[in-house]
Amino acid sequence: MNIIVCIKQVPDTAEIKINPETNTLMREGVPSIINPFDLHALEAAVRIKEDLGARVTALTMGPPQAENSLREAVSMGADDAVLLSDRAFAGSDTWATSYALAGAIRKLGADIVFCGKQAIDGDTAQVGPETAEFLGIPHVSYVRKIEWIRDNTIRVQRLMDEGYDVVESPLPVLLTVVKELNQPRMPSLKGKMAARKARIRIMGKADIDADEDSLGLKGSPTKVKSIFAPETKAGRMMLGGGPEEQVDTLIKELRKIRCL
Amino acid sequence: MSVIVRQDKCTGCETCVDSCPFDAIEMRDGRAFINEYCNACTTCLPVCPEGAIIETEAGAAPSDSGTKFADYRDVLVFAEQRDGRTAPVSFELLGAGRRLADRLGSRLLAVLLGADEAEAEELVRWGADRVYLCSDPVFRRFNDDTYAAALLRIIEEQKPSIVLAGATPVGRSFIPRVAARLRTGLTADCTSLEIDGETGNLVQIRPAFGGNIMASILCPDYRPQMATVRPRVMKRGRYDEGRTGEIINTGFKDLESRTRVVETVKEVSEISVNLHEADIIVAGGRGAGGEKGFKLLRELAEAVGGVIGASRAAVDEGWVPYSHQVGQTGKTVNPKIYFACGISGAVQHLVGMQSSDIIIAVNRNPDAPIFNVATYGIVGDMFEIVPMLTARIKELKGQS
Ligand SMILES: Cc1cc2nc3c(=O)[nH]c(=O)nc-3n(C[C@H](O)[C@H](O)[C@H](O)COP(=O)(O)OP(=O)(O)OC[C@H]3O[C@@H](n4cnc5c(N)ncnc54)[C@H](O)[C@@H]3O)c2cc1C
Ligand SMILES: Nc1ncnc2c1ncn2[C@@H]1O[C@H](COP(=O)(O)O)[C@@H](O)[C@H]1O
């Protein structure tokens with residue numbers, strides 16, 4: 001069985017700060033990490049490998065330095081690592097990202113494709129389902145448990161608003177995963193050695209038989225028109241006095257606006 | 001449209017480098033240079049003290065959406081149901097959709113799968129001009145394939161200019177498939193939707209980078225323009241008892257789903273608290289100190305008729321189940337009142353709750369960032385404030 005795990009290198013949004021004077025992002029010193037959801041996706045793939053036998057490939061689309069996240073994936077148990085990198089991919093929105101990822105996955109071949117539920121920089125949760133559509137395979141989102149895999153079928157639990165659905169799908173399938181699925185492991189010593197030696201396979205636009213007009217900024221239907229700082233709410237009020245007075249004022253305010 | 005640095009004016013001060021959300025400005029030979037990662041978002045323009053960064057028309061394909069998309073007119077809303085009952089987010093989408101349709105002078109269409117005629121009539125009263133209803137029981141349960149195929153067929157026939165859906169587990173799962181197939185853009189989790197007066201394009205505003213910044217996004221060259229919206233972000237429109245509209249019963253033959261839902265499990269008990277739809281949320285963080293603190297919060301929640309939310313720190317400590325977690329890796333909520341008690345206000349928490357109508361923060365530390373978003377801030381010990389508040393509210397309710 002071949003499993004591909006799509007991982008994205010993202011800035012650690014916990015560390016991003018806004019420059020209060022210019023209202024712009026301060027990126028300096030912000031570390032890059034593997035998108036947290038993707039670590040759960042990787043863990044799921046490695047567990048299937050351990051249980052049933054499989055070859056696990058970590059795939060990322062990004063600039064050359066995204067190689068670091070691929071090495072980290074190898075240290076956690078991925079067998080192969082593929083970096084989909086080409087200047088032509090720059091500026092891709094979710095449509096163009098999914099188009100390119102699907103092109104690579106088609107070339108590599110997979111019985112199961114794992115994605116994280118969403119990436120913490122964009123938070124769109126769209127790349128998984130869109131990639132499945134481009135591949136022409138079914139997908140199940142928000143997988144919180146894999147019940148079994150047999151006879152070319154997989155049964156999983158899909159997290160919903162008010163509980164979960166038990167869903168069966170034929171393989172090949174794409175799954176997006178949530179954090180309840182598992183606890184990602186720490187890299188082993190052996191894993192770290194493998195990571196250092198791992199050969200990263202690089203794929204560019206010529207390797208995925210892509211239509212030039214579907215790539216990168218040009219191929220992206222959405223355009224970012226502007227970026228601005230979120231407005232802070234007007235009418236902020238710090239309540240003064242001792243505890244009793246504060247509670248008093250709060251109650252009065254809430255009654256004034258008819259919330260009590 | 002593209003953004004360039006006028007090399008004759010650039011002094012190499014590097015101010016712009018960090019301002020770029022896409023990491024697209026680099027220094028080359030002591031001057032700023034914009035590389036291929038540029039999205040032409042123009043954030044850097046006002047940042048440059050020399051005014052050396054400018055926008056040029058070079059290479060821009062003229063957008064003639066007015067004529068090119070003359071066929072694409074209406075606004076279409078995907079109205080979601082659960083167990084045959086229309087989900088509240090659908091009414092909010094109709095509110096937003098109605099506003100956009102009026103602005104464009106077009107019709108508001110709704111698609112309702114797996115519910116009955118009475119529910120479709122409700123959609124009309126909430127603002128739809130026409131409802132495509134498919135009561136086939138196959139749609140009762142959500143499957144990506146069947147939902148995507150049905151919606152796709154209606155979109156292809158009706159050619160709406162705008163398609164809106166809820167950013168719920170259902171919408172977030174199958175709408176991207178529809179967008180991929182239509183070769184069009186999809187913007188997730190919009191917090192505001194407007195029509196650009198000049199071009200008639202849909203201006204979609206959404207948070208990015210964990211809520212640190214907002215992005216304004218367009219889909220100028222493809223139709224339909226598609227967006228998802230989180231529950232409780234948009235206001236419902238006016239409910240009009242006497243409103244009439246068309247209901248078109250639609251059937252789909254030969255729809256097949258590769259995935260199959262074998263079972264739907266409702267998790268009752270505390271876990272099923274529907275934070276998304278709560279009017280009042282009483283949330284606690286590490287400052288609640290443990291079960292004892294949460295007991296006080298539960299009492300307050302009971303008094304105000306609210307449900308319990310939590311920060312990740314409180315969940316990680318094991319004081320509250322994960323299903324209560326609010327924030328980037330938890331739920332996004334939008335109540336009328338959000339009490340944040342003993343929560344510092346890390347951005348990952350803020351993104352999940354900052355659009356609440358009223359935020360009341362109780363924190364010992366006057367510098368806690370939660371106070372930046374709080375409507376009412378109380379600097380104090382929650383073990384003192386919360387019981388006092390509960391007592392006062394109970395007293396008030398006892399009177400009325
Ligand atoms: C990728 C990622 C995703 C994350 N996702 C989420 C998420 O979804 N949701 C989330 O909440 N966090 C999330 N976090 C964690 C987030 O960064 C913070 O660590 C977390 O929100 C802190 O929780 P807290 O405010 O309860 O705890 P702390 O930051 O420890 O704050 C406790 C606060 O309580 C106050 N306090 C203490 N005692 C009292 C008292 N007696 N009375 C009043 N005030 C008191 C203190 O002054 C302090 O401000 C995420 C982090 C990462 C890296
Ligand atoms: N550039 C990328 N390279 C590899 N995988 C990606 C990339 N972007 C997104 N993904 C995958 O798609 C998931 C959802 O991302 P998003 O739609 O951006 O929220 C992530 O958790 C990844 O598994």
Side-chain angles (χ1 to χ4, degrees), chain A residues 13-14 16 18 22 24-28 87 90-91 93-95 98 120-126 129-130 133-134 138-142 160-170 179 221-230 232-233 235-239 243 246-247 250-251 253 259-260, chain B residues 18-19 21 23 36-37 39 41-43 47 144-145 168-169 172-173 176-177 180-181 184-189 208-210 212-220 222 258-267 272 328-329 337 348 358 372-378 380 384-385 388-389 392 396:
Chain A
T13 50
I16 291 185
I18 293 274
T22 56
T24 50
L25 289 179
M26 303 198 288
R27 290 180 150 258
E28 217 170 81
R87 291 189 158 239
D93 71 354
T94 59
W95 193 94
S98 309
I120 62 168
D121 54 350
D123 276 332
T124 79
Q126 287 171 189
E130 291 200 35
E133 183 62 36
F134 284 118
H139 83 277
V140 186
S141 299
Y142 330 112
M160 299 296 280
D161 261 347
E162 294 161 336
Y164 63 91
D165 290 344
V166 180
V167 185
E168 280 182 18
S169 173
K179 295 199 163 183
T222 60
K223 309 278 178 218
V224 179
K225 199 185 85 185
S226 63
I227 298 253
F228 54 95
T232 37
K233 284 213 168 151
R236 265 189 64 207
M237 190 169 161
M238 294 301 283
L239 308 182
Q246 289 174 314
V247 169
L250 179 62
I251 299 265
E253 286 294 325
C259 276
L260 275 181
Chain B
D18 264 354
S19 75
D23 232 354
E36 68 273 19
Y37 292 102
N39 270 246
C41 75
T42 68
T43 305
V47 174
D144 291 278
D145 282 347
T168 60
R172 277 190 140 202
S173 185
R177 291 197 85 111
R181 189 96 64 91
T184 193
L186 172 60
T187 307
D189 294 342
F209 291 98
N212 283 290
I213 49 170
M214 305 297 288
S216 160
I217 293 169
L218 299 177
C219 176
Y222 296 89
R258 291 165 291 189
T259 56
R260 189 167 71 87
V261 176
V262 216
E263 195 186 353
T264 295
V265 181
K266 298 254 168 209
E267 293 194 319
S272 72
Q328 185 176 314
T329 42
I337 308 183
Q348 295 84 13
I358 294 175
N372 296 333
V373 301
T375 326
Y376 303 109
I378 296 183
E384 195 172 359
I385 303 284
M388 220 183 260
L389 199 55
R392 286 293 309 274
L396 278 173

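Keep in mind it's a predicted model, so treat the numbers as computed, not measured. Keep in mind that the numbers below use all heavy atoms, side chains included, and drop hydrogens, waters and symmetry copies. In what follows, chains carry the letters A, B, and so on, assigned in the order in which the sequence lines appear, proteins first and then strands, with residues in each chain numbered from 1.
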Side chain to side chain contact (heavy atoms under 4.5 Å, CB included) assessment of A:I251 paired with B:L389: CA-CA 8 Å; A:I251 299 265; B:L389 199 55; 4.1 Å; yes
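- Only the side chain of A:K179 comes within contact range of chain B, judged by heavy atoms closer than 4.5 Å.
- With a 4.5 Å cut-off on non-hydrogen atoms, A:S98 does not touch chain B at all.
- With chain A as the partner, the residue from B:V265, B:I217, B:I385 showing the most heavy-atom pairs under 4.5 Å is B:V265.
- In this structure, the portions of A:L239 lying under 4.5 Å from any heavy atom of chain B include both its backbone and its side chain.
- Most heavy-atom pairs under 4.5 Å with chain A: of the set B:C219, B:G380, B:A208, this distinction falls to B:C219.
- Distance CG/A:D165 to CZ/B:R260: 12.5 Å, rounded to 0.5 Å.
- Per-residue counts of heavy-atom pairs under 4.5 Å with chain A were compared for B:V262, B:T187, B:T264; the largest is that of B:V262.
- The heavy-atom pair separating B:I378 from A:Q246 by the smallest distance is CG2-OE1, 3.3 Å.
- Nearest heavy atom pair, residue B:S173 against residue A:P129, reads O-CB, 3.4 Å.
- Only the side chain of B:E384 comes within less than 4.5 Å of a heavy atom of chain A; its backbone N, CA, C and O stay farther away.
- By the 4.5 Å heavy-atom criterion applied to side chains, B:P220 and A:K223 are counted as neighbours.
- With a 4.5 Å cut-off on non-hydrogen atoms, B:I337 touches chain A through its side chain but not through its backbone.
- The minimum heavy-atom distance between A:P138 and B:T259, with the atom names listed, is CB-CG2, 3.9 Å.
- When the candidates A:P221, A:A90, A:G163 are compared by the number of heavy-atom contacts under 4.5 Å with chain B, A:P221 comes out ahead.
- Taking A:F134 as the reference, A:W95, A:Y99 meet the ring pair (Phe, Tyr, Trp, His ring centres under 6.0 Å) condition, with sequence neighbours excluded.
- The two residues B:R172 and A:D123 make their nearest non-hydrogen contact at NH2-O, 3.0 Å.
- In terms of heavy-atom proximity, B:T168 sits nearest to A:Y142 at O-OH, 3.9 Å.
- Remark: B:D144 pairs with A:R158 by the salt bridge (Lys or Arg N to Asp or Glu O under 4.0 Å) rule, at least two apart or across chains.
- A:T222 approaches B:L186 most closely through the heavy-atom pair CG2-N, 3.8 Å.
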